[in-house]
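All remarks here apply to the structure that follows.
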Amino acid sequence: MSVSYKRSICWVRRDLRLFDHTALAEATYRSHEVFVVFVFDPTILDLLEDRAHLRVSFIHRSLQEMDRKLREQGSRLWVLLGNPATVIPQFAKEIQAEAVFASRDYEPFARRRDLTVQENLKLAGIEFLDFKDQITFDPHELATAEGNPFRVFTPFRKAWEKLFIADRDAAEAVSDLNKLARDDESIDYPMPSLKDLGFQEVELWLEPGEDAGRKRLANFASKLADYKAKRDFPALDQTSTLSVDFRFGTVSIREAIRLTLEHPSEGADSWRSELIWREFYQHILFHYPDVVDQTFQPQYRDIEYPGSKEDFEAWSEGRTGFPIVDAAMRCLNATGWMHNRLRMVVASFLTKDLLVDYRWGEAYFQRKLLDFDLASNNGGWQWSASTGADPQPYFRIFNPISQSAKFDSEGNFIRRWVPELADLEAPSIYFPALAAEFDLLTASVELGKTYPHPIVDHAIQRDRAIALLSKKPITES
DNA sequence: AGTTGCTTAGC
DNA sequence: CTAAGCAAC
């Protein structure tokens with residue numbers, strides 16, 4: 001029988017939902033009264049340059065929904081402003097809470113923050129309990145036969161599946177909503193507006209909040225069977241777009257895993273494998289937090305990337321002269337989202353064609369992506385740069401033109417985001433620089449005027465990339 | 001989660 | 001001459 005607390009706090013962070021929430025379920029079972037609390041941390045907010053920030057808007061609107069749903073239960077959400085290391089213990093003392101419940105976070109910054117919060121709570125005799133919520137297995141639950149962390153994806157996935165079949169570890173966490181604290185005017189912390197926080201409301205291309213997220217999941221169920229066959233074609237819009245919900249916890253990862261079991265198919269297996277990639281990178285980040293600043297593979301740590309600021313800017317603004325790259329970057333800039341196939345294409349282009357340090361691209365995605373997640377973003381970029389855990393081999397370089405032909409054969413995705421090329425037919429639209437003069441003329445494309453000349457020669461840059469990355473001996477202590 | 005260039009089979 | 005197969009990057 002677990003300890004019972006009179007009052008406790010469920011501190012939500014990147015788990016912005018009420019359904020299937022492990023920490024909330026645990027809190028309501030082990031306490032008589034639970035206060036659901038969120039903290040806006042100015043030290044994080046101040047780092048964000050863009051005051052019309054997608055993720056801040058998403059969080060804020062998701063919190064408003066949580067507050068509304070909690071009020072339907074006679075409770076509310078308490079939103080604090082300040083350094084969690086100070087305001088969580090302060091609030092806990094104010095309401096005389098005996099414990100703080102939270103979902104475990106695996107990012108280095110979050111781990112340090114939670115340790116400090118835990119220490120400060122301890123000084124006041126308050127417990128801090130964190131629970132596995134955002135991944136299926138915690139980093140210590142999966143290890144190689146030698147007891148080391150997995151560094152290669154396929155053995156990781158096999159171990160994950162084996163343990164999953166043994167444990168069926170995706171049960172729904174049910175909360176006892178009767179235990180939610182009554183809305184009490186004497187403990188008033190009004191929800192700050194976006195303006196109070198120094199931000200503007202932003203139009204989001206997808207609806208924030210738990211209800212919208214679970215609707216996305218339900219809609220995706222009908223696409224699951226075809227996922228394997230269709231996922232790679234950006235113009236088809238057949239991916240789940242649930243990365244956003246896993247980032248903010250508006251959908252439970254367990255609910256997603258359960259969906260793949262309820263609708264078994266090759267597509268379901270393929271999508272679950274993508275979810276396991278996500279967990280793989282969470283584990284990598286936990287076990288090797290240095291990947292935040294440096295390459296996972298030690299032989300690439302002192303590489304000097306010759307790429308220029310000018311080329312990086314052309315890439316980021318979508319004017320490289322390679323239509324699939326430009327379409328993808330303009331889509332990112334306009335919506336805060338990019339199809340996974342295109343994330344690989346543009347990352348390969350930046351690191352292998354432009355020979356720019358992958359960290360520049362990683363930082364750019366961090367700024368722009370609505371679904372930005374440190375573990376997945378770093379993992380994806382290091383995969384593309386060939387510097388990561390189980391990376392793309394350095395000699396396996398995407399050709400942006402053949403990627404267009406394979407995955408956007410009609411050119412429809414390009415047409416959607418690079419309207420100045422809309423009248424070009426495939427295959428000319430893959431690479432106008434090599435299109436027949438007549439085709440360009442009839443499509444009113446003037447290279448260097450209406451659409452840029454290619455900023456590099458792929459064949460030459462490919463050789464340079466292989467030369468740059470093959471020099472180093474592959475030795476490890 | 002690829003691309004390239006060379007070899008060879010088939011017409 | 002083209003397509004398919006294969007090794008190397």
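Letters go in sequence order (proteins before strands), and every chain restarts at 1.
The NZ-P distance, from A/Lys352 to B/dT4, rounds to 13 Å in whole Å. Following rounding to the nearest Å, A/Ile397 (CD1) and B/dG5 (C1') show an atom-to-atom distance of 15 Å. Rounded to a whole Å, the CZ atom of A/Arg464 is 17 Å from the P atom of B/dT4. With rounding to whole Å, A/Leu469 atom CG is found 16 Å from B/dT3 atom C1'.
Partner A/Thr351 forms a side-chain contact (heavy atoms from CB on, under 4.5 Å) with one of A/Tyr305, A/Trp360, A/Tyr358 and no other, that one being A/Tyr358.
Ring to ring, A/Phe101 and A/Phe131 are close: their centroids are under 6.0 angstrom apart.
Under a 4.0 Å N-O distance rule, the pair A/Arg13/A/Asp130 does not qualify as a salt bridge.
When heavy atoms are screened at a 4.0 angstrom cut-off, A/Ser348 is found touching no nucleic acid atom at all.
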Just the atom pairs and distances: protein N or O near nucleotides 7-9 of chain C's N or O, under 3.5 Å.
none

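In this structure A/Asp232 satisfies the side-chain hydrogen bond (donor to acceptor under 3.5 Å, both in side chains) test together with A/Arg341, sequence neighbours excluded.
An OP1 or OP2 oxygen of B/dG2 is reached within less than 4.0 angstrom by no side-chain nitrogen or oxygen of A/Asn399. Applying the 4.0 Å criterion to OP1 and OP2 of B/dG2, one finds that A/Lys406 has every side-chain N and O outside that range.
Residues A/Phe413 and A/Phe233 fail the side-chain proximity criterion, which asks for heavy atoms closer than 4.5 Å.
Counting only residues at least two apart or on different chains, the salt bridge (Lys or Arg N to Asp or Glu O under 4.0 Å) pairs with a member in residues 346-358 of chain A are A/Asp357-A/Arg359.
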